[in-house]
Asker: 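Shown below is the structure under consideration.
Here is the naming used below: chain letters follow the sequence lines, and residue numbers restart at 1 for every chain.
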Number of protein chains: 2
Amino acid sequence: MRMSELSRITETPVPTVKYYLREGLLPPGRRTSPNQAQYDDEHVRRIRLIRALLGPGGLDVATAREVIAAIDSDLPLPHVFGVAQRAASVRVDDRAVDAAALERVDALLDGFAIHPENPGRIAAAAVLEAFDAVDQRNADDWSRRYVEAALIVAEADLDTVERRVTRDEKAETVVVGTALGDALFAAFRRAAQEHVSTTRYEPERADEIRRARSTP
Amino acid sequence: MRMSELSRITETPVPTVKYYLREGLLPPGRRTSPNQAQYDDEHVRRIRLIRALLGPGGLDVATAREVIAAIDSDLPLPHVFGVAQRAASVRVDDRAVDAAALERVDALLDGFAIHPENPGRIAAAAVLEAFDAVDQRNADDWSRRYVEAALIVAEADLDTVERRVTRDEKAETVVVGTALGDALFAAFRRAAQEHVSTTRYEPERADEIRRARSTP
DNA sequence: CACTATAGACAGTACAACTATCGATAGTTA
DNA sequence: TAACTATCGATAGTTGTACTGTCTATAGTG
């Protein structure tokens, strides 16, 4: 197919497709002449990946380029996982996090087999520090339950990757799952908050609200 | 205190403090003359809140202004919760989500007492749609476990708010918890992923890695 | 009385993600 | 085969966001 069709199928404007090509997110098409090229299903797929990473995934173009390069490389899966993790994490300056916050995180993650450089460990310390700066209260009880939930999600993530067959499928799932998983969990969290809040404080209205959704 | 001290305590440049004032994020100081004003601890607290929302919370200035206005208002807590939820959610165009994806989400959230407009419900549908566009596979098993984890987190969130005493404390905790909770969970998820991955695939290395962190 | 610090208005910066224009050429259609 | 549309690749422009800098008149300070 030519660029206009690629653009139509993926609902992405032609100038934007060109932009992705320029930025190295999308591999060039197969040249048929000095100013013509053919694209195929792989390009369609890749554009969908790019849009998922830049949109719901919240990655910037430079970071998306890195994780795409990791998928395309033949590096082992654990390496792809590391790249995806660092990409999806808000970049936190290691030195900007104080030791006390890191110790608290380590206490919460007692028994976890993680390296000191794990992006989550650093980021969690930064978030707890910010939380304390506003809400002068110990957030450890709250955090402990987050860790419990995070373990459930992490097991689900690994299981999902295992279900894929080839190395490339697994690599793509790792990247998409890591980036979109955050957004998916955040969405379900919102829903669960309303649900828990309603059943806890207005149980008499819960049934009525349930009905409103099941019969639109 | 004067602006320079406010700036020093909060580690925020003076021009940035002025910017927050202009943008209505920070209430003006108590005027002592046409071009002098006094600030107090409430301003310090407020700047910390702003920085937490704009930094780890990932809100933009306009959205931060809305949630701060909600805290300052005397609107009831459920309303503040709603504002915070919409603020922390990636804005999704309702019509951009197709009905099939919404039905899948509703199946996953069967029995939940939530309104059809719940931001999480819409956002989850959008994310699942993006995931399917890339990874042509049913993500429902994966999602179900996310929902299970989201319930744990939502209960923790509500409990944390309940522990606060006054309406204003509760309102602030709702806002901070909603915005920073996403980042906190994402961080713990990264840590849990490495932990689960190591114990599952390289159990013999797990102990060694654990030791590396406990004895820095 | 120097000297520094405001407040507030306004302009400028830096970066990211597109979006538009252009000239030379290629494919397509009447 | 002429007219029309599409493409490539280079370059420039746009939009939006979160600051950052400059300026003037005035105020606090040693």
Asker: Can you tell which of C/dT19, D/dG28, D/dG21 lies closest to the side chain of B/Pro15?
Answerer: D/dG21
Asker: Please report, rounded to the nearest Å, how far the P atom of D/dG9 is from the CD atom of A/Glu23.
Answerer: 15 Å
Asker: Rounding to an integer number of Å, can you tell me how far A/Gln36 CD sits from C/dA26 C1'?
Answerer: 5 Å
Asker: Do the charged groups of B/Asp182 and A/Arg190 touch, with an N to O distance under 4.0 Å?
Answerer: yes
Asker: Across the strands shown, which category fits A/Ala37 at heavy-atom distances under 4.0 angstrom: base, sugar-phosphate, nothing?
Answerer: sugar-phosphate
Asker: C/dT25, OP1 or OP2 - any side-chain N/O from A/Arg31 closer than 4.0 Å?
Answerer: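 No, no such contact exists.
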Asker: When you match B/Arg51 and B/Lys18 each to their closest nucleotide on DNA chain D, which lands nearer the 5' end?
Answerer: B/Arg51
Asker: Please state how far atom CE in A/Met1 lies from atom C1' in C/dG27, giving the value in whole angstrom units.
Answerer: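 Those two atoms, CE and C1', are 18 Å apart.
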Asker: Let me spell it out: for each of B/Leu54 and B/Ser33, pick the nucleotide of DNA chain D with the closest heavy atom. Which residue's pick is nearer the 5' end?
Answerer: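 Its nearest nucleotide lies further toward 5', so the answer is B/Leu54.
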Asker: Can you confirm whether the side chains of A/Asp140 and A/Ser143 place a donor and an acceptor under 3.5 Å from each other?
Answerer: no
Asker: Report the nucleotide, chosen from D/dG28, C/dC18, D/dT20, that has the shortest atom-to-atom distance to any side-chain atom of B/Tyr19.
Answerer: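 Looking only at heavy atoms from C-beta outward on B/Tyr19, the closest nucleotide is D/dT20.
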Asker: In terms of side-chain heavy atoms of B/Ser4, which of C/dT6, D/dC8, C/dG27 is nearest?
Answerer: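 When the side chain of B/Ser4 is considered, C/dT6 is the closest of C/dT6, D/dC8, C/dG27.
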Asker: To the nearest Å, give me how far apart CE (B/Met3) and P (D/dA27) are.
Answerer: 17 Å
Asker: We want to know whether A/Thr160 and A/Asp157 form a side-chain donor-acceptor pair, criterion being a heavy-atom distance below 3.5 angstrom.
Answerer: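 No, no side-chain donor-acceptor contact under 3.5 Å.
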Asker: Tell me which nucleotide among D/dT7, D/dA27, C/dT19 gets nearest to the side chain of B/Pro34.
Answerer: D/dA27
Asker: A/Thr16 or A/Thr32: which one's nearest nucleotide on DNA chain C is closer to the 5' end?
Answerer: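 Here A/Thr16 is the residue nearer the 5' end.
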Asker: In terms of side-chain heavy atoms, does A/Arg51 have a donor or acceptor partner in A/Tyr20 at a distance below 3.5 Å?
Answerer: yes
Asker: In whole Å, what is the span from the CD1 atom of B/Ile50 to the P atom of D/dC19?
Answerer: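 In whole Å, D/dC19 P and B/Ile50 CD1 are 10 Å from each other.
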Asker: Nearest-Å distance, CG (A/Leu6) to C1' (D/dC8)?
Answerer: 14 Å
Asker: What's the closest nucleotide to the side chain of A/Arg2 if the choices are C/dA7, C/dG27, D/dC8?
Answerer: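 The answer is C/dG27.
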Asker: Okay, side chain of B/His195, backbone of A/Phe112: is any donor-acceptor separation there less than 3.5 Å?
Answerer: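 Such a contact is absent between B/His195 side chain and A/Phe112 backbone.
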Asker: Between C/dT6 and B/Tyr39, is there an OP1 or OP2 to side-chain N/O distance shorter than 4.0 Å?
Answerer: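 Answer is no, no contact under 4.0 Å.
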Asker: Let me know the distance between CZ of B/Arg22 and C1' of D/dG21, rounded to the nearest Å.
Answerer: 11 Å
Asker: Taking the minimum atom-to-atom distance to the side chain of B/Asn35, which one of C/dG27, D/dC8, C/dT6 wins?
Answerer: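 So the nucleotide nearest the side chain must be C/dT6.
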Asker: Quickly work out the B/Gln38 CD to C/dA5 P distance and round it to whole Å.
Answerer: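 My rounded result for the distance is 16 Å.
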Asker: Calculate, to the nearest 0.5 Å, the distance between atoms CD and CZ belonging to A/Gln36 and A/Arg31 respectively.
Answerer: 8.5 Å
Asker: Which nucleotide, D/dC19, C/dA17, D/dG28, lies nearest any side-chain atom of A/Val61?
Answerer: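 Nearest listed nucleotide: C/dA17.
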